[in-house]
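Have a look at the structure below before the remarks.
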Amino acid sequence: MSETKKLLYVNRKAPYGTIYALESLEVVLIGAAFEQDVSVAFLDDGVFQIAKNQNTDESGMKNFSPTYRALGDYDVNKIYVEKESLDARGLTIDDLLDLTYEDEDDNWAEKDSIRVISATEMADLMDQQDVIFSF
Amino acid sequence: MTMLHTVNKSPFEKNSLESCLGHITDGSAVLLIEDGVYGALQGTVVSDAIKSAMGKVSFYALNSDVDARGINRERLIGDIELVDYSGFVKLAAEHDKVQSWL
């Protein structure tokens, strides 16, 4: 099987209340080895996964948010965030991690991985995929 | 009888906070913990519900859960008091009962 498929990981859960977010991140990183056409979506409470300034020192949980920054190094650089989900939670793109990648087709220029899109655009994105992984 | 209500679910995903707010009596306290702390954010679709209940009950949020989630303390609804783990214990001891909204 050398055919490249379009894969979308859909993240809809907040980061610490359940294990979904961490499990998803691990699957995305493992899946990156298969060199498929990967996109990652954050909507509903999933947008909280990539919130800036997470600090778990006092709570004793593992802060896995820095790991999202590694996605760019694994060629996972299409990260879609739903605007309606941000709006409902009083958030803007400035509240999110700075996720970037180096574009090998553009002299390794550093570019933003995050694209904020509408729910309608999110629906289209989902429609274009071969496989959807839901978390 | 005073009651401490704890809410540990995100108000954007579950109706635990909404149901809690519909069952509180004057003088009670509501403590937001775990994903419940998202309810303490300003400017969201649920912040008005908290603000309108402020008159009759006091609101608290657990600081370690706020910090873990990257919520800037300045972005919390004013008048929500942050407590640490020993503050949580103190609240539980000060009230006659604890009810958990899961």
Side-chain angles (χ1 to χ4, degrees), chain A residues 10-25 41-69 79 81-99 114 119 122 134-135, chain B residues 6-18 20 31-51 59-90 100-102:
Chain A
V10 176
N11 296 288
R12 297 185 46 251
K13 304 280 188 192
Y16 298 105
T18 65
I19 199 70
Y20 285 96
L22 177 57
E23 290 287 315
S24 170
L25 181 57
F42 294 93
L43 59 152
D44 299 331
D45 274 354
V47 300
F48 287 129
Q49 291 180 27
I50 50 172
K52 260 181 196 161
N53 301 324
Q54 296 178 38
N55 178 347
T56 57
D57 292 351
E58 295 295 319
S59 64
M61 298 181 290
K62 180 184 171 171
N63 178 4
F64 54 92
S65 67
T67 312
Y68 290 98
R69 291 183 211 269
I79 299 183
V81 178
E82 188 173 289
K83 181 166 191 307
E84 285 85 342
S85 303
L86 291 175
D87 290 347
R89 290 160 183 78
L91 302 175
T92 69
I93 191 169
D94 294 332
D95 297 308
L96 305 180
L97 296 167
D98 295 316
L99 301 181
I114 294 183
M122 186 65 82
S134 306
F135 293 91
Chain B
T6 64
V7 178
N8 76 337
K9 296 294 189 299
S10 163
F12 309 111
E13 187 180 343
K14 294 236 158 61
N15 68 351
S16 312
L17 176 65
E18 183 189 357
C20 169
L31 171 62
L32 305 174
I33 60 171
E34 301 169 14
D35 282 349
V37 299
Y38 289 125
L41 273 168
Q42 273 176 15
T44 75
V45 291
V46 300
S47 28
D48 281 349
I50 291 209
K51 283 181 194 163
F59 283 88
Y60 303 86
L62 193 63
N63 59 5
S64 52
D65 286 331
V66 168
D67 293 345
R69 287 159 181 78
I71 299 171
N72 183 333
R73 293 178 178 196
E74 289 163 15
R75 298 278 292 274
L76 298 178
I77 296 167
D79 300 335
I80 293 187
E81 190 179 328
L82 284 171
V83 294
D84 58 13
Y85 286 116
S86 58
F88 186 167
V89 174
K90 194 158 171 263
S100 306
W101 297 86
L102 306 176

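The chains referred to below are lettered A, B, ... by the order of the sequence lines, with proteins before strands, and numbering in each begins at 1.
For A/D44, no part lies under 4.5 angstrom from a heavy atom of chain B. The contact between B/Q42 and chain A is made entirely by backbone atoms, counting heavy-atom distances below 4.5 Å.
The greatest number of non-hydrogen atom pairs below 4.5 Å with chain B, out of A/N55, A/T18, A/D95, A/N53, is found for A/N55. Options A/A51, A/P15, A/G90 differ in how many heavy-atom pairs under 4.5 Å they form with chain B, and the most are formed by A/G90.
A/F64 pairs by the ring pair (Phe, Tyr, Trp, His ring centres under 6.0 Å) definition with A/Y16, not counting sequence neighbours.
Within the 4.5 Å cutoff, side-chain heavy atoms of B/L41 are placed close to those of A/F48.
A salt bridge does not link B/K51 with B/D79: every distance from a Lys NZ or Arg NE/NH1/NH2 to an Asp or Glu carboxylate oxygen is 4.0 Å or more. A salt bridge links A/K13 to B/E13: at least one charged side-chain nitrogen sits closer than 4.0 Å to a carboxylate oxygen.
A donor-acceptor pair is defined here as one N or O able to donate and one able to accept, closer than 3.5 Å; no such pair exists between the side chain of B/T6 and the backbone of B/L31. Side-chain atoms of B/N8 never come within 3.5 Å of backbone atoms of B/E34 as a donor-acceptor pair (strictly under, hydrogens ignored).
Test A/L25, A/L22, A/N11, A/V10 against A/F135 for side-chain contact (heavy atoms from CB on, under 4.5 Å) and you get one pass: A/N11.
Residue-level contacts of residues 60-70 of chain B with chain A, in order of numbering, are B/S64, B/D65, B/D67, B/A68, B/R69, B/G70; threshold 4.5 Å between heavy atoms.
Here the closest heavy-atom approach between residue B/E74 and residue B/N72 is recorded as N-OD1, 2.9 Å.
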